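Report on one structure; see the data block that follows.
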Amino acid sequence: VKAIRVDRPGDPEQLELVDVPIPDVGDGELLIEVEYAGVMYADVAQRRDTYLAPHSFPWYPGREVAGVVERVGPGVDDVEQGDRVVAMVLTGGGYAEYVIATTHEQTFPTGIRASAADVLKLPAHVSGSQALVYVTNFRFAHVMLHAHAAVPSGASVLVHGASGGFGSCLTQVARANDNLVLALCRSAEEAAYCVSLGADHTFDTTTGDYVEWVLDVTRGEGVECSFNGVGGPTLDRDPSAVRRRGEIHAYGYVAGKSAFHPFDVRKSLALKTFAADDFLATSDFQRATEAMYEAFERGPLMDVTALFDLADAARAHRSIEDGRAIGKIALTP
Ligand SMILES: NC(=O)c1ccc[n+]([C@@H]2O[C@H](COP(=O)([O-])OP(=O)(O)OC[C@H]3O[C@@H](n4cnc5c(N)ncnc54)[C@H](OP(=O)(O)O)[C@@H]3O)[C@@H](O)[C@H]2O)c1
């Protein structure tokens, strides 16, 4: 069967289509025939080997899939052959025609023990491509906004990279919490996408200084909470965009890691970091899964915005690196 393998860190051409044997299903494992494999920024960073701690190669990318259960090993109770499912496969290998999802407990880099896959059955009215948008980003965004940041309903929030995979889900989660959502993006098309998801105000950061805009929208006060997965120079600008006793939640650095000088702005602020692994084995994550099913019932549902053949994985990665991707993009084997 076909799969994508990366033998050494580097540019998108390292994503090589290879033939691998169809995987055996062991105890506590199941085999999923992949219909859609999600592509996310973490995959790009891991391909370059700039994601968190260095990892080993060869590496089989792909942490989230939607598809059909092909085979079930002993000890897997909740899912049967033929079930339509969406799954987080944190051990990787989702860029493939088939992937093994193991339900064995694993220890994550943060020391948290949790199941390496959670395989979720899909309601009949939800397509695999729609569910793929939610399985990782919606649930992590829910946990970050509700459990980690505990943002009260009605508060104003700033979302950096709001048209991206994670940012678009965060926008939806904040909207559902009745927050005033100020969305940052980098084109008119991305701004329109953010508005379609419920952003109250959008700003194209290529046209000027977002801090001035935030102060303008919030009558000089700043937002109660900034969610920053962009990093780079923006982390050091955020204290000026957040109101006194506000919070900055730093959860990524697509624009690079940079220094943070908290005393340049004379304000009381909280800077919190977020690592999703810390929440995997918690009731907060269970609550986020329930919220995902509620969103499925409520609709309208987000869907992937672009599909690429499995063999075109390099083009998919390049679209993220070039800033052309909007929302969630996926591969189809
Ligand atoms: N901490 C955690 O546990 C956790 C969990 C999940 C995700 N994350 C983080 O969430 C972030 C987003 O991930 P994703 O998969 O959603 O990626 P994505 O779909 O590629 O979204 C990235 C967003 O950032 C914007 N962006 C990229 N470079 C930028 C720059 N130089 N200046 C301003 N904006 C820029 C992109 O805008 P354009 O479309 O205009 O390029 C896009 O909106 C990443 O930092 C990822 O590591 C963290």
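Every value quoted in this text rests on a predicted model; they were computed, and no experiment measured them. Ligands are counted one by one from 1 in listed order, and the atoms in each one are counted from 1 as well.
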Q | Shortest protein heavy-atom distance from atom 41 (O) of ligand 1, along with the residue and atom involved | A | Arg186 NH2, 2.7 Å
Q: Measure the distance from atom 16 (O) of ligand 1 to every protein heavy atom, then report the residue, atom name and distance (to 0.1 Å) of the closest one.
A: Phe166 N, 2.6 Å
Q: Considering heavy atoms of the protein only, find what lies nearest to atom 14 (P) of ligand 1 and give residue, atom and distance to 0.1 Å.
A: Tyr41 CB, 3.8 Å
Q) How far is atom 24 (O) of ligand 1 from its nearest protein heavy atom, and which residue and atom name does that atom have? A) Val254 CG2, 3.7 Å
(Q) Give me the residue, atom name and distance of the protein heavy atom closest to atom 45 (O) of ligand 1. (A) Gly229 O, 3.0 Å
Q) Taking NZ, NE, NH1 and NH2 as the nitrogens, is one of them in Lys328 or Glu64 under 4.0 Å from a carboxylate oxygen of the other? A) yes
Q) Considering distance alone, does some N or O of Tyr251 sit under 3.5 Å from an N or O of ligand 1? A) yes
(Q) Just to be sure I read this right, does ligand 1 sit under 4.0 Å from the backbone of Ala275, its side chain, both, or neither, counting only heavy atoms? (A) backbone
**Q.** Contacting atoms of ligand 1, where contact means under 4.0 angstrom from a heavy atom of Ile320
**A.** 20 (O)
Q: Just jot down the ligand 1 atoms closer than 4.0 angstrom to any heavy atom of Met40, in number order.
A: 15 (O)
Q) Ala325 heavy atoms, cut-off 4.0 Å: which ligand 1 atoms fall inside? A) 39 (O)
Q) How close does the nearest protein non-hydrogen atom get to atom 3 (O) of ligand 1, and which residue and atom is it? A) Ala276 N, 2.8 Å
Q.
Is it true that, when you exclude Glu80 itself, more than 12 heavy atoms of the residues, nucleotides or ligands shown sit nearer than 6.0 Å to its CD?
A. no
Q: Determine whether Thr136 and Arg63 make a side-chain contact, defined as any pair of heavy atoms from C-beta on separated by less than 4.5 Å.
A: no
Q | Within 6.0 Å of CZ in Arg324, more than 12 heavy atoms from elsewhere | A | yes
(Q) If the cut-off is 4.0 Å to any non-hydrogen atom of Phe274, which atoms of ligand 1 fall inside it? (A) 1 (N), 2 (C), 3 (O)
Q) Is Ala42 in contact with ligand 1, taking contact as a heavy-atom separation below 4.0 Å? A) no
Q | Side-chain touch Ile320/Tyr41, heavy atoms, less than 4.5 angstrom | A | yes
(Q) Is there a polar contact, in the sense of an N or O pair closer than 3.5 Å, between Gly164 and ligand 1? (A) yes
Q) Does a side-chain N-to-carboxylate-O contact under 4.0 Å join Glu221 and Arg243? A) yes
Q: Examine the proximity of ligand 1 to Glu190 and report which part, side chain or backbone, both or neither, has a heavy atom under 4.0 Å away.
A: side chain
Q.
Checking contacts here: is it the side chain or the backbone of Cys185 that comes within 4.0 Å of ligand 1, counting heavy atoms only? Could be both or neither.
A. neither
Q | Asn228 and Thr234: side chain donor to acceptor below 3.5 Å | A | yes
(Q) When you compare ligand 1 with Phe140, is there at least one nitrogen or oxygen pair between them that comes in under 3.5 angstrom? (A) no
Q) In ligand 1, which numbered atoms sit nearer than 4.0 Å to a non-hydrogen atom of Tyr253? A) 45 (O)
Q | For Gly165, the ligand 1 atoms whose distance to one of its heavy atoms is below 4.0 Å | A | 16 (O), 18 (P), 19 (O), 21 (O)
Q) Are Asp204 and Arg186 within salt-bridge range, i.e. N to O under 4.0 Å? A) no
Q) Would you call Arg237 and Asp209 a salt bridge, taking side-chain N to carboxylate O under 4.0 Å as the test? A) yes
Q.
Looking at Arg139 and Asp118, is there a salt bridge between them, counting it only when a charged N and a carboxylate O are closer than 4.0 Å?
A. yes
Q) Do Glu33 and Arg84 sit within salt-bridge range, that is, some charged N less than 4.0 Å from a carboxylate O? A) no
Q | Salt-bridge criterion met for Asp49 and Arg8 (N-O under 4.0 Å) | A | no
**Q.** Short N-O contact, Arg47 and Glu321, less than 4.0 angstrom
**A.** yes
Q | atom 25 (C) of ligand 1: the protein heavy-atom neighbour that sits closest, reported with distance to 0.1 Å | A | Gly161 CA, 4.0 Å
Q) Can the ring centres of Tyr210 and His160 be said to be less than 6.0 Å apart? A) yes
Q) Hey, is ligand 1 close enough to Asn137 that some N/O pair sits below 3.5 Å? A) no
Q. Is Arg287 salt-bridged to Glu290, going by a charged N under 4.0 Å from an acidic O?
A. yes
Q) Looking at ligand 1, does Gly232 have a heavy atom less than 4.0 Å from it? A) no
Q) Which ligand 1 atoms does Ser163 reach within 4.0 Å, using its non-hydrogen atoms? A) 43 (O)
Q. What atoms of ligand 1 come closer than 4.0 angstrom to any heavy atom of Gly252?
A. 45 (O)
Q.
Contact between ligand 1 and Val230 is defined here as a heavy atom of the residue under 4.0 Å from a ligand atom; is it met?
A. yes
